[in-house]
Amino acid sequence: MDLLSAQFLGYEPVHIEELIGKKGKNQGSMRDVELEKIKEYAAEDADITFQLKQVFVPLLKEKEVQPVFDNVENPLVRVLTDMEFEGVKIDVDFLKQYSKELETEAKRCEESVYAQAGVRFNLASPKQLGEVLFEKLQLDPKAKKTKTGQYATGEDVLLKLANQHKIVDDILGFRELTKLKSTYVDALPEMINPKTGRVHTSYAQAVAVTGRLSSNNPNLQNIPIRTARGREIRKAFVPREEGRVLLSADYSQIELRIVAAISGDPNMCEAFRQHKDIHTATASKVYNVPENEVTKEMRYKAKSVNFGIIYGQGAFGLADNLGISRTEAKEIIDNYKKEFPNIQRYMDEQVNFAKENGYVQTLAGRKRWLKDINSSNFTVRGYAERNAINSPIQGTAADMIKLAMIKIHNEMKTASWQSKMILQVHDELVFDAVPGEVDKLKELIIRCMTTAMPLPHEVPVEAEVGMGGNWLEAH
DNA sequence: TCTCTGCTCAC
DNA sequence: CAAGTGAGCAGAGAC
């Protein structure tokens, strides 16, 4: 859904691009298909449900997904429409000020790079940067190239050169600062709808193949949080009015809980049932030490393995990721498989199921078709096999939060609350709340998120909620 | 002006 | 060969 289609659900039409007098740069094809279809069927005065089925059924492939359509996607349309319509307030003054700071800092990094390189060039061009680093400065005689023959200058490549030349810090600094400035700090104020004074994202319901939502114009699902400078940007996401607060609720380790539950692995299920720190518990098993003797490094490595499992990562990837030898990586993975035997079995089962049936599915019955699963090409087949492992996990998490959103939205609507659900970021929901409703809202959110879709083997689902004067504080 | 590429942000 | 799902920016080059 997007804001435009709101008019067919009884809202006044608000079209961001028209109001700003500027066309969106990246008009997703789904959005256009959706709009055309809706216009077409609206002209025939057809029922909205029917209209949307015309849109989604061909995309999600036939009737077998009907339960997912009827129980999840169709009810979710109204929820997303409301969220898009409500939008989120942005503190423009804060961003304007921050933009200047980023500009100054970026300039300093840039000048420092030119001074150290002994030439001036366009630092924002990976092509030019590669030539400077690997031809003029000769930082790595075995420098990797991209498929188009340029030198690769991605973050991972540069980090490996960091102890060789001080220039690397300034290059990475420049990259971080200009990324933040161009993608968020300068772009967001431009996206404010003059009528509402807020930014209204569009959620795409049928773009991500796993069943996740995606967000665009602007994308509010990739607002920085990892670095200190990036995190600042979240301070600009504020309640719509004086006196209101932002509330943020996160699922805790939802994908790992889903792995545990659908694989039925006894050790991992038990760790969750006992409310243990899952990465510490994993490290304890893998390294065969008591939990109180798990070191930071052991936990860090176990965490990496846990995430790798979700993606179908192998020893090579783990070694690369952790900067350890492939022998050590293989040892860790072998131990992991031994301690959590059902996880390996689950992965094999998913791949075999896909090979026989041509698809895999989530707990709610959402399917992902994998046409390459029996390919004779190793690379192509390997990719499909990792999809077979990952999709049910990522997709089940998507099913769960969507069901929670529907329940929360229904209850808020029925009781005519003034607080609004405004954002979804895969495992997080954000609310713009009035103070008088905060307590009951917190209760509602936690209750719905944790019970919307109970997991097998009594694996508990947990969610945390925070509150504050901006998105950063709410975390 | 459009499209592709490389890169980087999120979960 | 080697880690899943997305969106958006600037550069580079085709037209």
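In what follows, every chain begins at residue 1, and chains take the letters A, B, ... in the order their sequences are listed.
- Remark: the separation of the C1' atoms in C:dA2 and B:dT5 is 22 Å, to the nearest Å.
- Looking at heavy-atom distances under 4.0 Å, A:I310 makes no contact with the nucleic acid at all.
- Minimum atom distance to the side chain of A:V207 is reached by C:dA7, of the listed C:dG4, C:dA7, C:dG11.
- For the pair A:D91 and A:K235, the salt-bridge criterion is not met [side-chain N within less than 4.0 Å of a carboxylate O].
- Closest to the side chain of A:Q150, out of C:dA12, C:dA2, B:dG6, is B:dG6.
- Here the side chain of A:N216 is nearest to one of C:dT5, C:dG8, C:dA3, namely C:dG8.
- A:R175 has a side-chain polar atom (N or O) that falls below the 4.0 Å cut-off from OP1 or OP2 of B:dT8.
- For the pair A:K160 and A:D320, the salt-bridge criterion is met [side-chain N within less than 4.0 Å of a carboxylate O].
- Within the 4.0 angstrom heavy-atom criterion, only backbone atoms of the sugar-phosphate kind lie near A:G314; the bases stay farther away.
- In this structure, A:E103 does not pair ionically with A:R108, as no charged nitrogen and carboxylate oxygen lie closer than 4.0 Å.
- No hydrogens or angles were tested; on distance alone, a donor-acceptor pair under 3.5 Å links the side chain of A:Q394 to the base of C:dG4.
- Phosphate proximity of C:dT5 to A:R368: present, with a side-chain N or O under 4.0 Å from OP1 or OP2.
- Between the C1' atom of C:dG13 and the CD atom of A:Q128 lies a distance of 14 Å, rounded to the nearest Å.
- Out of C:dC1, B:dC11, C:dG4, the shortest distance to the side chain of A:T379 is found at C:dC1.
- A straight line from CG of A:L423 to P of C:dG6 spans 20 Å, rounded to a whole angstrom.
- Under the 3.5 Å distance criterion, with hydrogens and angles disregarded, a donor-acceptor pair is assigned to the side chains of A:S112 and A:D170.
- Taking 4.0 Å as the cut-off between side-chain N and carboxylate O, A:K179 and A:E176 do not count as a salt-bridged pair.
- The stretch residues 155-171 of chain A has no heavy atom under 4.0 Å from DNA chain C, so no residue of it qualifies as close.
- The ring of A:Y311 does not lie on top of the base of C:dA3; it is either too far (5.5 Å or more) or too tilted (30° or more).
- Side-chain atoms of A:N219 stay outside donor-acceptor range of the base of B:dA10, with no qualifying N/O pair under 3.5 Å.
- One finds a salt bridge joining A:K330 and A:D334 here, because a Lys/Arg side-chain nitrogen approaches an Asp/Glu carboxylate oxygen to under 4.0 Å.
- Residue A:L129 contributes atom CG, which lies 15 Å from atom C1' of B:dT5 at whole-angstrom precision.
- Taking side-chain N and O atoms only, A:Y383 has a distance below 4.0 Å to OP1 or OP2 of C:dT5.
- Within 4.0 Å of A:S391, counting heavy atoms only, lies no atom of the nucleic acid at all.
- Atom CD of A:E464 sits in a sparse spot, with 12 or fewer heavy atoms from other residues, nucleotides or ligands closer than 6.0 Å.
- Judged by atom type and distance alone, A:R212 reaches the base of B:dC11 through a side-chain donor-acceptor pair under 3.5 Å.
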